[in-house]
Participant: 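What follows is a single structure, and I will ask about it in a moment.
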Amino acid sequence: MKSIHLIAPSGATLDDKSPLAGIDWLKSQGIAILNSECVKRVHERFAGNDEVRLNELNNLVTLAPETVVMAMRGGYGIHRLLPKIDWVGIAKAIGNGLQISGHSDFTVFQLGLLAKTGAITLSGPMLNYDFGKLDDGGKAIAPDAFMWSHFQTAIQDRKLDCKVSAPQSFLAKANSSEVKGILWGGNLTVLAGLVGTPYLPSLQQTQNGILFLEDVNEHPYRLERMLMQLLDADILNHQSAILLSSFSAYRLYDNDKGYTLERAIETIRQRLPDNIPILTSLPFGHQANKVTLPVGAQATLDYNGNGFHLKANW
């Protein structure tokens with residue numbers, strides 16, 4: 001990986017130091033950083049007005065083959081751009097070797113591209129969150145070694161090999177198995193917001209797929225409500241497996257009276273066919289130690305009550 005081309009299609013940076021710290025660390029690894037000026041853009045809560053951010057996305061078609069593209073951060077903003085994105089042109093660039101990484105709000109772009117073209121993108125690290133974290137004193141924190149290793153493997157070898165050893169409590173009668181299918185998903189809030197739009201992959205595309213989900217700052221009842229939406233929209237019950245990552249940075253209240261995230265997941269589990277497992281502890285999304293997941297690739301999943309093994313080549 002000789003260079004990374006930055007884009008800022010969503011929210012403006014929340015502080016000036018994080019993107020600069022991320023850029024400095026990547027440069028220390030011998031990586032040239034392109035389009036770094038995007039991290040300074042601010043328009044309302046966005047990293048530039050809609051026209052600027054749209055043009056930045058559509059200009060990806062002009063980049064050299066094998067370029068690695070990374071989003072600065074998530075937040076919100078890509079939803080505004082969806083009707084005018086050059087899906088076909090970007091998919092062609094990906095076919096020629098372009099690789100694009102991001103998560104959180106970037107889920108909108110990844111699922112829209114998958115729905116429109118079938119092109120594969122990477123649910124992986126972003127500049128601020130994964131390379132520009134700061135401690136309470138404003139000092140840069142070194143990026144997670146697990147994340148960096150898996151990202152390099154994804155970029156260089158186009159390979160995913162993720163083993164998770166953790167007790168699995170939501171298997172129902174599907175105690176162990178091997179399944180294969182399209183790997184797709186992302187941030188739950190973002191994905192649920194695409195239901196009923198042309199930017200969510202169709203049932204034909206995701207039939208018997210391996211769906212991965214995560215979120216942050218959402219109370220378990222909100223997570224349950226969105227999962228119910230996916231269930232009632234006839235999405236969850238057509239998957240081979242559902243992989244859950246961390247659902248972090250929420251607080252429970254006195255009136256929850258024992259209601260927890262685990263109770264929410266179990267409620268969904270009881271409404272799914274017994275042969276569809278819900279697996280937990282997949283490392284991705286809003287957490288430091290994450291794998292890089294190829295959105296839209298064919299994957300193989302082996303699982304049992306003690307964990308699972310997720311593999312893909314693309």
Side-chain angles (χ1 to χ4, degrees), residues 10-11 13-15 18 21-22 71-76 101-108 110-111 122-136 140-148 150-151 162-170 184-193 210-230 236 241-269 278-293 295 307-308 310:
S10 301
T13 188
L14 300 178
D15 66 84
S18 288
M72 177 183 71
R73 67 175 294 259
Y76 169 74
S101 177
H103 64 275
S104 191
D105 188 56
F106 206 66
T107 299
V108 180
Q110 293 171 320
L111 294 182
L122 302 176
S123 180
M126 295 192 292
L127 179 70
N128 286 17
Y129 190 90
D130 296 290
F131 298 100
K133 279 194 170 182
L134 308 172
D135 63 19
D136 293 339
I141 300 173
D144 183 85
F146 177 88
M147 173 277 297
W148 180 233
H150 278 267
F151 182 57
C162 174
K163 294 181 179 180
V164 172
S165 297
Q168 300 298 316
S169 305
F170 306 104
W184 73 292
N187 180 267
L188 175 57
T189 297
V190 173
L191 191 152
I210 300 170
L211 173 63
F212 61 90
L213 299 167
E214 63 88 33
D215 220 317
V216 65
N217 295 323
E218 297 290 350
H219 188 283
Y221 85 82
R222 295 193 183 101
L223 299 171
E224 180 184 321
R225 182 170 58 197
M226 289 184 282
L227 289 169
M228 284 290 185
Q229 182 182 9
L230 298 184
L236 295 188
I242 299 164
L243 304 181
L244 302 182
S245 181
S246 59
F247 293 89
S248 58
Y250 66 84
R251 56 168 294 189
L252 297 175
Y253 297 91
D254 291 342
N255 66 328
D256 285 313
K257 299 184 185 302
Y259 176 79
T260 62
L261 175 61
E262 289 72 25
R263 294 300 297 270
I265 296 173
E266 181 57 33
T267 298
I268 300 299
R269 159 72 273 155
I278 296 179
L279 301 168
T280 57
S281 300
L282 175 69
F284 92 102
H286 290 86
Q287 60 183 69
N289 63 318
K290 60 165 65 67
V291 292
T292 296
L293 301 173
V295 181
F308 56 89
L310 180 64

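These numbers were taken from a predicted model, which means no experiment stands behind them.
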Participant: Provide the closest heavy-atom pair for Pro220 versus Tyr259 in the form atom of the first, atom of the second, distance.
Facilitator: O-OH, 3.4 Å
Participant: Check whether Tyr129 reaches the backbone of Arg73 with its side chain - one donor and one acceptor, N or O, closer than 3.5 Å.
Facilitator: no
Participant: Sequence neighbours excluded, which residues qualify as ring-ring contact (aromatic ring centres under 6.0 Å, His included) partners of Phe308?
Facilitator: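 Checked Phe308 against ring-ring contact (aromatic ring centres under 6.0 Å, His included); zero matches.
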Participant: Closest heavy-atom contact between Val291 and Cys162?
Facilitator: CG1-SG, 3.8 Å
Participant: Considering residues at least two apart in sequence or located in another chain, which fulfil the ring-ring contact (aromatic ring centres under 6.0 Å, His included) criterion with Tyr221?
Facilitator: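 Result, ring-ring contact (aromatic ring centres under 6.0 Å, His included) vs Tyr221: His219.
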Participant: Using atom types as modelled and distance alone, determine if a side-chain donor or acceptor of Glu266 lies under 3.5 Å from a backbone N or O of Phe170.
Facilitator: no
Participant: Rounded to the nearest 0.5 Å, how far does CG of Leu236 lie from CZ of Arg269?
Facilitator: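 So the gap between those two atoms works out to 10.5 Å.
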Participant: Who are the side-chain hydrogen bond (donor to acceptor under 3.5 Å, both in side chains) partners of Ser101, not counting sequence neighbours?
Facilitator: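 Partners of Ser101 under the side-chain hydrogen bond (donor to acceptor under 3.5 Å, both in side chains) test: none.
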Participant: Can you give me the closest heavy-atom contact between Thr13 and Met72, atom names plus distance?
Facilitator: N-CE, 3.6 Å
Participant: Is the backbone N or O of Phe284 less than 3.5 Å from a side-chain atom of Glu214, with the two atoms forming a donor-acceptor pair by type?
Facilitator: no
Participant: Shortest non-hydrogen contact from Pro125 to Met147?
Facilitator: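 Answer, listing the atom of Pro125 first, then Met147: CB-SD, 3.8 Å.
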Participant: Holding to side-chain hydrogen bond (donor to acceptor under 3.5 Å, both in side chains), I want the full list of residues that pass it with Asp215, two or more places apart in sequence or in another chain.
Facilitator: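 Residues passing side-chain hydrogen bond (donor to acceptor under 3.5 Å, both in side chains) with Asp215: Asn187, Thr189.
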Participant: Taking CG in Asn255 as the centre, count heavy atoms belonging to other residues, nucleotides or ligands within less than 6.0 Å. Is the count above 12?
Facilitator: yes
Participant: Rounded to the nearest 0.5 Å, how far apart are CZ of Arg222 and CE of Met226?
Facilitator: 8.5 Å
Participant: Please examine the side chains of Leu191 and Leu230, heavy atoms only from C-beta on, and report whether any two atoms are closer than 4.5 Å.
Facilitator: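 Sidechains of Leu191 and Leu230: in contact.
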Participant: Determine yes or no for a side-chain-to-main-chain donor-acceptor pair under 3.5 angstrom, with Glu218 supplying the side chain and Tyr250 the backbone.
Facilitator: no
Participant: Checking Gln287 now: which residues fulfil side-chain contact (heavy atoms from CB on, under 4.5 Å) with it, not counting sequence neighbours?
Facilitator: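 Checked Gln287 against side-chain contact (heavy atoms from CB on, under 4.5 Å); matches are Ser245, Ser246, Pro283, Asn289.
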Participant: Can you list everything that forms a side-chain hydrogen bond (donor to acceptor under 3.5 Å, both in side chains) with Asn217? Sequence neighbours excluded, please.
Facilitator: none
Participant: Please check this pair: side chain of Ser18 against backbone of Gly132, looking for a donor-acceptor N/O pair closer than 3.5 Å.
Facilitator: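 Pair found, side chain donor or acceptor close to backbone of Gly132.
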Participant: List the residues meeting side-chain contact (heavy atoms from CB on, under 4.5 Å) with Asp135, not counting sequence neighbours, and say none if there are none.
Facilitator: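 Result, side-chain contact (heavy atoms from CB on, under 4.5 Å) vs Asp135: Lys139, Ile141.
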Participant: Sequence neighbours left out, what passes side-chain hydrogen bond (donor to acceptor under 3.5 Å, both in side chains) with Ser248? Give chain and number order.
Facilitator: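 Residues passing side-chain hydrogen bond (donor to acceptor under 3.5 Å, both in side chains) with Ser248: none at all.
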Participant: I need the Phe106 CZ to Leu122 CG distance, nearest 0.5 Å.
Facilitator: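 So the CZ of Phe106 and the CG of Leu122 are separated by 9.5 Å.
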Participant: Please list, chain by chain and in numerical order, all residues satisfying ring-ring contact (aromatic ring centres under 6.0 Å, His included) with Phe146, sequence neighbours excluded.
Facilitator: His150
Participant: In a check of side-chain contact (heavy atoms from CB on, under 4.5 Å) between Leu243 and each of Leu211, Val164, Leu213, Leu310, which one passes?
Facilitator: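 Of all the options given, the one that passes is Leu310.
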Participant: Within the 4.5 Å heavy-atom criterion, are His103 and Gln110 side-chain neighbours or not?
Facilitator: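 Result no, sub-4.5 Å side-chain heavy-atom pair not found.
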Participant: How close do Ser10 and Gly74 get, heavy atom to heavy atom, and via which atoms?
Facilitator: CB-O, 3.2 Å
Participant: My understanding is that only one of Thr107, Val216, Leu244, Leu227 makes a side-chain contact (heavy atoms from CB on, under 4.5 Å) with Leu188; could you say which?
Facilitator: Leu227
Participant: Please report the interatomic distance CD1(Ile265) to OG(Ser169), rounded to the nearest 0.5 Å.
Facilitator: 9.0 Å
Participant: Output all residues satisfying salt bridge (Lys or Arg N to Asp or Glu O under 4.0 Å) with Asp130, sequence neighbours left out; order by chain, then residue number.
Facilitator: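 Partners of Asp130 by the salt bridge (Lys or Arg N to Asp or Glu O under 4.0 Å) criterion, ordered by chain and then number, come out as Lys290.
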Participant: I need the Asn128 CG to Asp15 CG distance, nearest 0.5 Å.
Facilitator: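 Output value for this atom pair is 7.0 Å.
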Participant: With sequence neighbours left out, write down each residue that passes side-chain contact (heavy atoms from CB on, under 4.5 Å) with Tyr76, or none if nothing qualifies.
Facilitator: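 Partners of Tyr76 under the side-chain contact (heavy atoms from CB on, under 4.5 Å) test: Phe46, His79, Arg80, Asp105.
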Participant: What pair of heavy atoms forms the shortest contact from Leu134 to Ala21, and how long is it?
Facilitator: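 Result for this residue pair: CD2-CB, 4.0 Å.
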Participant: Can you name the ring-ring contact (aromatic ring centres under 6.0 Å, His included) partners of Phe131, sequence neighbours left out?
Facilitator: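 With neighbours one apart ignored, the set is Trp25, Trp148.
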